[in-house]
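All figures in this text were calculated on a predicted structure; none of them were measured in a lab.
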Amino acid sequence: QVQLAESGGGLVHPGGSLRLSCTAYGIRFSDTNMRWYRQAPGKERELVASGTNAHAIRYAEFAKGRFTMYRDNASNTIYLEMDNLTPEDTADYLCNMAGSIWGQGTRVTVSS
């Protein structure tokens with residue numbers, strides 16, 4: 001059974017940084033499209049970043065220049081490095097594999 005497990009969320013002050021992790025169990029994902037989504041309270045889920053390999057990462061406009069998605073195929077883990085966070089980045093962050101498998105998410109709260 002394939003499972004995704006996110007971690008790394010928490011409370012951070014505006015301007016701070018966090019690194020989220022998503023580890024896949026039960027599958028090797030070296031050539032699989034992986035995505036980060038987020039869902040803020042009362043809002044629809046939105047795509048943050050998506051990519052199949054290190055050279056073809058696409059970012060949402062709000063993420064460009066602040067967020068970096070990268071992967072470590074050896075550990076079956078993808079990361080989302082988030083810098084210069086604002087309260088508008090407060091959301092549950094979820095990873096997704098191939099558009100069909102979801103993790104449970106990790107909560108990010110940006111507040112002073």
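- Scanning both residues, T106 and G9, for their nearest heavy atoms gives OG1-N, 3.0 Å.
- Between the N33 side chain and the S50 main chain, no donor and acceptor come within less than 3.5 Å of each other.
- The two residues P14 and S112 come nearest to each other via the heavy atoms CD-N, 3.7 Å.
- One distance of note links CZ of R71 with SG of C22; it measures 10.0 Å at 0.5 Å rounding.
- The OG1 atom of T86 sits 5.0 Å away from atom CZ of R66, with the distance rounded to the nearest 0.5 Å.
- We find the CD-CD1 distance between Q3 and I27 to be 12.5 Å, quoted to the nearest 0.5 Å.
- Distance CD/Q39 to CD/E44: 8.5 Å, rounded to 0.5 Å.
- At least one side-chain heavy atom of F67 sits less than 4.5 Å from a side-chain heavy atom of L85.
- Listed for the Y59 side chain is a donor-acceptor partner under 3.5 Å among the backbone atoms of M69.
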Problem set entry | F62/R38 under side chain to side chain contact (heavy atoms under 4.5 Å, CB included): CA gap, chis, key distance, verdict | CA-CA 12 Å; F62 64 80; R38 72 182 187 181; 3.2 Å; yes
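- Between the side chains of D83 and S17, at least one donor N or O lies within less than 3.5 Å of an accepting N or O.
- Between the side chain of H13 and the backbone N or O of V110, no donor-acceptor pair lies under 3.5 Å.
- Distance NZ/K64 to CD1/I57: 13.0 Å, rounded to 0.5 Å.
- With values rounded to the nearest 0.5 angstrom, M34 atom CE is found 5.0 Å from L4 atom CG.
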Without placing hydrogens or testing angles, list every side-chain donor-acceptor pair under 3.5 Å for residues 94-105, not counting sequence neighbours.
residue : atom : partner : partner atom : Å
N96     : OD1  : G99     : N            : 2.7
N96     : ND2  : I101    : O            : 3.4

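- Remark: the backbone N or O of T77 is not paired with any side-chain donor or acceptor of D72 at under 3.5 angstrom.
- A donor-acceptor contact closer than 3.5 angstrom is absent between the side chains of T109 and T90.
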Exercise. So Y93 and E6, side chain to side chain contact (heavy atoms under 4.5 Å, CB included) or not? Walk me through it.
Worked result: CA-CA 8 Å; Y93 285 73; E6 301 97 333; over 6 Å; no
For this session: Quick one: do V108 and L20 satisfy side chain to side chain contact (heavy atoms under 4.5 Å, CB included)? Show the steps, please.
Result: CA-CA 9 Å; V108 172; L20 308 182; 4.0 Å; yes
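- Residues R28 and N73 come closest through the heavy atom pair NH2-O, 3.1 Å.
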